[in-house]
Amino acid sequence: MRSAVTVAFTASAVLAGGLFAGQAHAAPAVPTITAPGGFVMNNGTGAALYGKAADTRRATGSTTKIMTAKVVLAQKGLNLDAKVTIDKAYSDYIVSKNASSARLIVGDKVTVRQLLYGLMLPSGCDAAYALADKFGTGSTRAARIKSFIGKMNTEAKNLGMKNTHFDSFDGISNGQNYSTPRDLTKLASSAMKNTTFRTVVATKSTTQKVTTKTGGYRYMSWTNTNKLLSTYSGAIGVKTGSGPQAKYCLVFAATRNGKTVIGTVLASSSEANRTADVKKLLDYGFAK
């Protein structure tokens with residue numbers, strides 16, 4: 001009798017143990033994404049949550065501008081309200097490259113803070129040019145641009161971005177502008193520690209009052225190309241990118257219940273696929 005009871009009890013214990021163990025170890029299914037490259041991490045702990053070709057070098061498009069902003073914000077004694085006069089060269093550059101634009105007007109005086117909005121929301125390559133020209137060093141514009149790009153690469157090295165190189169201030173590459181999902185996520189995580197950066201990239205749209213050449217003023221309105229801010233609960237950034245080589249990229253971040261998930265997808269075949277992939281990865285990151 002005792003033996004039968006013991007056997008029954010043991011069987012029940014095993015059954016219950018298996019049941020509870022199953023519950024304890026139930027994990028969310030790893031998502032399948034269409035993008036060739038992706039990476040996600042817990043921004044609080046730095047723990048990797050997902051990777052797909054996470055260290056494969058690819059063109060980055062305008063996600064490059066995260067580094068542009070980071071270099072500007074790292075300048076010693078930075079005055080965000082200092083004014084920069086918009087040069088014709090910035091406008092000519094946009095036209096020659098058929099580049100995304102903040103529609104800056106030659107002769108206007110725009111603050112550094114406003115240029116950061118123009119850089120990160122409409123992805124203005126004219127704003128990127130203005131910032132690189134302002135914060136590079138040298139007696140000629142070419143020297144200043146080269147200097148600024150040098151600062152971008154120095155910062156990448158300092159952050160341990162081993163598979164990253166910049167040859168432009170905006171992602172319009174001369175053949176040597178590349179990064180990886182892991183490296184860009186690392187960059188974004190570092191950039192998001194800056195209050196101004198966080199504020200800018202979380203902004204859906206803004207209207208800024210700028211000073212005209214004649215001393216009057218005009219209003220510039222910019223809308224964020226990152227539609228995730230409006231379509232995913234908790235989204236807080238970071239930057240879109242696109243181009244013939246880069247295809248559709250997004251460095252993304254969202255916070256829910258005190259947990260921030262941050263990541264990157266590169267080379268998606270369409271904007272719709274990029275969005276779908278990112279939402280899958282964020283859902284997975286929060287479920288982990």
Side-chain angles (χ1 to χ4, degrees), residues 7-58 60-61 63 66 159-164 178-193 198 201-202 226-241 246-288:
V7 169
F9 175 77
T10 304
S12 298
V14 169
L15 189 63
L19 178 64
F20 292 133
Q23 288 175 341
H25 292 98
V30 178
T32 300
I33 63 171
T34 60
F39 182 76
V40 179
M41 76 176 192
N42 180 321
N43 196 49
T45 65
L49 303 175
Y50 173 92
K52 177 183 178 182
D55 299 308
T56 300
R57 297 174 178 182
R58 300 184 190 277
T60 58
T63 61
I66 298 170
L159 287 172
M161 297 168 66
K162 296 177 182 177
N163 289 298
T164 297
Y178 56 80
S179 189
T180 69
R182 190 190 307 271
D183 277 4
L184 284 173
T185 302
K186 189 180 292 186
L187 168 61
S189 179
S190 177
M192 289 292 270
K193 292 175 183 174
R198 281 201 313 273
V201 299
N226 183 8
K227 295 173 185 174
L228 197 72
L229 294 172
S230 301
T231 61
Y232 192 87
S233 175
I236 56 172
V238 177
K239 185 73 187 74
T240 60
K247 298 185 180 176
Y248 293 88
C249 310
L250 183 60
V251 180
F252 55 88
T255 299
R256 288 182 179 175
N257 300 318
K259 179 181 180 180
T260 298
V261 174
I262 191 163
T264 302
V265 293
L266 294 181
S268 286
S269 57
S270 70
E271 190 174 335
N273 284 341
R274 175 180 73 185
T275 301
D277 283 346
V278 168
K279 288 181 177 179
K280 279 184 193 176
L281 292 178
L282 280 169
D283 285 348
Y284 178 72
F286 285 120
K288 282 282 280 184

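These numbers come from the heavy atoms of this one structure, side chains and all, not from hydrogens, waters or symmetry mates.
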> Excluding sequence neighbours, so at least two apart, what forms side chain to side chain contact (heavy atoms under 4.5 Å, CB included) with Thr275?
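Partners of Thr275 by the side chain to side chain contact (heavy atoms under 4.5 Å, CB included) criterion, ordered by chain and then number, come out as Lys279.
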> Side-chain atoms of residues 250-257: list all donor-acceptor pairs with protein atoms under 3.5 Å, sequence neighbours left out, distances to 0.1 Å.
| unit_1 | atom_1 | unit_2 | atom_2 | d |
| --- | --- | --- | --- | --- |
| Thr255 | OG1 | Thr260 | OG1 | 2.6 |
| Arg256 | NE | Ser233 | O | 2.9 |
| Arg256 | NH2 | Ser233 | O | 3.1 |

> Using the side-chain contact (heavy atoms from CB on, under 4.5 Å) rule, take Thr264 and Thr63 through it: C-alpha gap first, then chi angles, then the decisive distance, then the call.
CA-CA 10 Å; Thr264 302; Thr63 61; 6.0 Å; no
> Indicate yes or no: at least one non-hydrogen side-chain atom of Val261 is less than 4.5 angstrom from one of Lys288.
no
> Hey, could you give me the NZ/CZ distance between Lys247 and Arg58, rounded to the nearest 0.5 Å?
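Between Lys247 NZ and Arg58 CZ, I get 9.0 Å after rounding to 0.5 Å.
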> Would you sort out whether Thr34 and Asp277 count as a side-chain contact (heavy atoms from CB on, under 4.5 Å), showing the intermediate values?
CA-CA 7 Å; Thr34 60; Asp277 283 346; 3.1 Å; yes
> Might you point out which heavy atoms bring Ile66 and Ala191 nearest each other, and give the distance in Å?
CG2-CB, 4.1 Å
> Working to the nearest 0.5 angstrom, can you tell me the gap between Met161 CE and Thr180 OG1?
7.0 Å
> Do you know which two heavy atoms are closest between Gly37 and Pro181, and how far apart they sit?
C-CG, 3.8 Å
> Please round to the nearest 0.5 Å and tell me the distance separating atom CG of Asp55 and atom OG of Ser179.
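Here the rounded value is 10.0 Å.
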> Please check if atom NZ in Lys280 has more than 12 non-hydrogen atoms from other residues, nucleotides or ligands closer than 6.0 Å.
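Correct, the count exceeds 12.
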> Out of curiosity, Lys239 NZ to Leu187 CG, how far, rounded to the nearest 0.5 Å?
12.5 Å
> Any sub-3.5 Å donor-acceptor pair from Asn163's side-chain atoms to Arg57's backbone N or O?
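A pair under 3.5 Å: no.
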> Could I get the full list of side chain to side chain donor-acceptor pair (under 3.5 Å) partners for Lys227, not counting sequence neighbours?
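Expected list: Glu271.
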> Return the CG to CG distance between Asn42 and Leu49, rounded to the nearest 0.5 Å.
6.0 Å
> In chain order, what residues pass the side chain to side chain contact (heavy atoms under 4.5 Å, CB included) check against Ala54, with sequence neighbours excluded?
Phe39, Arg182
> Under the 3.5 angstrom rule, does the side chain of Ser189 hit a backbone N or O of Thr185 as a donor-acceptor pair?
no
> Which heavy atom of Ala267 sits nearest a heavy atom of Pro36, and at what distance?
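Smallest interatomic distance, heavy atoms only, reads O-CD, 3.1 Å.
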> Atom OG1 of Thr164 and atom CG of Leu184: how far apart are they, to the nearest 0.5 Å?
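Answer rounded to 0.5 Å: 6.0 Å.
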> Check side chain to side chain contact (heavy atoms under 4.5 Å, CB included) between Ser269 and all other residues, then give those that pass, not counting sequence neighbours.
Asn273
> Quick one: list whatever passes side chain to side chain contact (heavy atoms under 4.5 Å, CB included) with Tyr50, sequence neighbours left out.
Val30, Pro31, Ile33, Val40, Lys52, Leu281, Tyr284
